[in-house]
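Have a look at the structure below, then the notes.
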4 protein chains.
Amino acid sequence: MPKFLSTHRRLAAVDTLLPPAAIQDGSRGVILGESLRLFAERGYGSASMRDIAQLVGIKAASVYSHFPSKAHVLAELIRVGHEEHLRRMRAALMAAEPDPTTQLKAVVRAHVLAHADYPMLAVVANAELHALPGEFAAPILEIRRQSEMLLVDVIQRGVDMGTFNVPDVQLAMPAIGAMGLRVAHWYAPDLGKDPEHIADTFAQFACRMVGVMT
Amino acid sequence: MPKFLSTHRRLAAVDTLLPPAAIQDGSRGVILGESLRLFAERGYGSASMRDIAQLVGIKAASVYSHFPSKAHVLAELIRVGHEEHLRRMRAALMAAEPDPTTQLKAVVRAHVLAHADYPMLAVVANAELHALPGEFAAPILEIRRQSEMLLVDVIQRGVDMGTFNVPDVQLAMPAIGAMGLRVAHWYAPDLGKDPEHIADTFAQFACRMVGVMT
Amino acid sequence: MPKFLSTHRRLAAVDTLLPPAAIQDGSRGVILGESLRLFAERGYGSASMRDIAQLVGIKAASVYSHFPSKAHVLAELIRVGHEEHLRRMRAALMAAEPDPTTQLKAVVRAHVLAHADYPMLAVVANAELHALPGEFAAPILEIRRQSEMLLVDVIQRGVDMGTFNVPDVQLAMPAIGAMGLRVAHWYAPDLGKDPEHIADTFAQFACRMVGVMT
Amino acid sequence: MPKFLSTHRRLAAVDTLLPPAAIQDGSRGVILGESLRLFAERGYGSASMRDIAQLVGIKAASVYSHFPSKAHVLAELIRVGHEEHLRRMRAALMAAEPDPTTQLKAVVRAHVLAHADYPMLAVVANAELHALPGEFAAPILEIRRQSEMLLVDVIQRGVDMGTFNVPDVQLAMPAIGAMGLRVAHWYAPDLGKDPEHIADTFAQFACRMVGVMT
DNA sequence: CATGAATGAGGCTTCATTCAT
DNA sequence: GATGAATGAAGCCTCATTCAT
């Protein structure tokens, strides 16, 4: 019987994994990876530059040869996380047949898979956004808005076309979105649940929520 | 058009609200209230004793007349949050007609309402649990396990009785639970959405997820 | 085989014992006793008013009903210690036959017994004198000078009378005095050495040091 | 007329002096030296990191570039003190003719000279040992035991060979040891007593104590 | 007498960051 | 690139003490 929430840990995953496009050479890449792990497990504010440097195998001062500040490391991770998420959502939508149900399934699958494939990145992007200094936030919030709008539009179109039947359209997005968000906290490879299976199941849940029984 | 996720803030609520049973007299009560606000907005690690004391109107050292440590403040808040949540879940279940659908609705409604009524408490209880020093965690995790089990049992019973039809029973709990968890982050009184309405809608979503169309 | 020095503890004794004349009724007496224990074991600076109060069974604020400050507690203990020491030295001298050897034996015996009978008091009086705020020091240093003079005079008289033969008269006092001082650190009832025996032995050592073989 | 005990100060010496082998370059060395002075004069608990840093000419935080904690500074000083003491005792014994009297003289001279040459180090090593956190104590107590055994063995051998005549062999060590220990408190260059002279005199006292008149 | 609450000062330590090497 | 040393700010917490109750 799998454990989903009842842990003292913030997330179940243990592997630092960054999207291929975000993997970088040399110390810079290692700094990103180890910062990701620490920010995800302890939170940005509780991970020190010395902690990061130690995991990388260098001294704290040396981190500044690669990033101008700790906030820049967080900003890059959050940006990467949001970009990967939006990229997958967009790609999924573009590849889907144009009927609302197929589109919703595609988008929810992408949403869930992004959180299962990169749980640490997702946790940091979501749970540490508030720690990001204001000047870094604007471009990220813009990406976030686009991802939301994408899901909102799919739902709205389904409703408008009469395919979907939703009691409160505005509440469907946060409900469907939330399901995927939490996946990042409890997903782990040893859970015995394939990401594809989770994605399919959650896509089915989403369809049912909008009135499409399958 | 309401905003659900796209903010730099960690939660939309601005009022510190504690369950009536948890409200305390004097400075101790004020400390709890202001700590709750700070922990929810900034995170436990980024709220200092000085910050808390200043909001209370005393000096940092005086906080120690009421709590032995900062961790004790967090522990009490998280405990109160979990207890209130479990109490409501239990009460809802006990008051519900014994058919699985009614029970599921009752439990999901209680889950959502707990998060809408005490958003700060819910955010702290969920998002700051990992910051709680290990020695405080055990009793809280036990409460958490009971809340989960409660939802799991309702779902399982519905499936066993043939009332529910769920593609993967184990995935239903985290999916339904997640919907409610996120409510604490985006709910605000000025959202134009009544908590009762949200609770009803999410209860309906949950019913649909387990195959009960309404 | 007894242990004399090789401990992490500052003194071997565990019983707080004050001279009968210094024992006081009520909380004031208990405060003196428990402060003595703490000052002896940890040092004045590392024993807090809260520590003292807790051992007494009251709150820190209540200690101020009995002593105007922590320094006053220390001052009283050090005064009592010095007075008892001087009193015993004087009494021993006055009761002794007037020949230098008997006098030296009597004085050294008194010196040693004072340290074995009240080890905690002796440790505090000696090792915490430096912690006493300046305004308290003068009367105590005066007592101390009298005790020293007493021993110095006995030695000098023995030398003048030709009874003693000392290589350096000025060095005899610190050497003989030191033997007794350290007794407070290593003496314990379970050591298997009777205070009287220690006193006699050290008196013999002192006699030998001044050239009187016995 | 020299003053031996009657002071408010804890020791008469004013020069911080470390054994040549323990002198270190740069700030680390200055920290050790100034800490030694403060610990000796005020005690470990009453010397703050700010006090130390100020004497060194840096800020308190900078001390942590050289020592991981205040306790580490104390531990190093106490270790150095004990090692230097044992080294001198051993060297003296190894260089002495093998008759017990010569050996006793050599060992007592080394004991006294160590305390006169490094009075601050000796005071800290002896009077602040109890302030050393437990995890640092073991190796130091081991050194201490070896020094004691060294003196004990010399005395016992003299007794066994019939050279010494001691009323209570077990009490001879603490008595002789104490004489030297206190030297660290009252010795000062301006005392008008040469360390060599003190050492010789105390060696003679020790010989007399074990029954060897000279 | 005793206490709970408060306080200003200060304790040790960690932090992100800088800069000369 | 990397580092050792330094720093100002701030972290949590303890302290002796005061005072109204």
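The figures here come from the full heavy-atom set of this structure, side chains too, leaving out hydrogens, waters and symmetry mates. Reminder, nothing fancy here: chain letters follow the sequence lines and each chain counts from 1. Treat the numbers as computed from the prediction; the structure is a model and nothing was measured.
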Listing time: all N or O pairs from protein to nucleotides 18-21 of chain E that are below 3.5 Å?
none

Check your understanding: How about C/R28 and C/E76: do any of their side-chain heavy atoms sit closer than 4.5 Å?
Key -> yes
Mind checking if C/A47 touches a base, just sugar-phosphate, or nothing, with heavy atoms under 4.0 Å? sugar-phosphate
note: D/K70, atom NZ; F/dT14, atom C1'; distance rounded to Å ~ 13 Å
Between CD1 of A/I52 and P of E/dT14 the distance, given in whole Å, is 17 Å
Rounded to whole Å, CD1 of A/I58 lies from P of F/dG4 at a distance of 12 Å
So CD of A/E34 and CZ of A/F39: to nearest 0.5 Å the spacing works out to 11.5 Å
For A/D51 and A/S46 the tightest heavy-atom approach is OD2-O, 4.0 Å
From CZ of A/F67 across to C1' of F/dA2 the rounded distance in Å is 16 Å
B/M49 CE to E/dT7 P, in whole Å, measures 14 Å
Here the pair of heavy atoms bringing C/I78 nearest to C/A125 is CG1-CA, 4.1 Å
Review point. Taking NZ, NE, NH1 and NH2 as the nitrogens, is one of them in C/R10 or C/E41 under 4.0 Å from a carboxylate oxygen of the other?
Key: no
Shortest non-hydrogen pair, C/I52 vs C/S35, comes out as CG2-OG, 3.4 Å
Exercise. Is the base of F/dA10 touched by the side chain of B/R50 through a donor-acceptor pair closer than 3.5 angstrom?
Worked result: no
Taking every heavy atom of D/H8 against every heavy atom of C/L132, the minimum-distance pair comes out as NE2-O, 2.6 Å
The residue, A/G57 or B/S69, whose nearest nucleotide of DNA chain F is more 5′ is A/G57
Taking for C/D51 and for A/K59 the nucleotide of DNA chain F with the nearest heavy atom, the one nearer the 5' end belongs to A/K59
If you compare every side-chain N and O of D/S27 against the phosphate oxygens of F/dA6 (OP1, OP2), does one of them come in below 4.0 Å?
yes
Value for CG (B/L141) from NE2 (B/H82), rounded to nearest 0.5 Å, stands at 7.5 Å
Nearest heavy-atom contact between D/Y64 and D/S69 is CE2-CA, 4.0 Å
Base-paired stretches in DNA chain E with three or more consecutive Watson-Crick or G-U pairs, both distances under 3.5 Å, amount to E:2-21 with F:2-21
Notebook entry, point to check: Would B/R42 and B/E128 pass as an ion pair if we require N to O under 4.0 Å?
Noted result: no
Atom NE2 of B/H72 and atom C1' of F/dC13 are separated, to the nearest Å, by 13 Å
By nearest-heavy-atom nucleotide on DNA chain E, the more 5' of D/G45 and C/S65 is C/S65
Exercise. If you look at every strand shown and take non-hydrogen atoms under 4.0 Å, does B/S48 touch a base, only sugar-phosphate, or nothing?
Worked result: sugar-phosphate
To the nearest angstrom, the NE2-P distance between B/H66 and F/dC12 comes to 17 Å
Looking at F/dG1, I'd like to know if its phosphate oxygens (OP1 or OP2) sit under 4.0 Å from a side-chain N or O belonging to A/S62. no
In whole angstroms, the gap separating P of F/dG1 from CD1 of A/I31 amounts to 11 Å
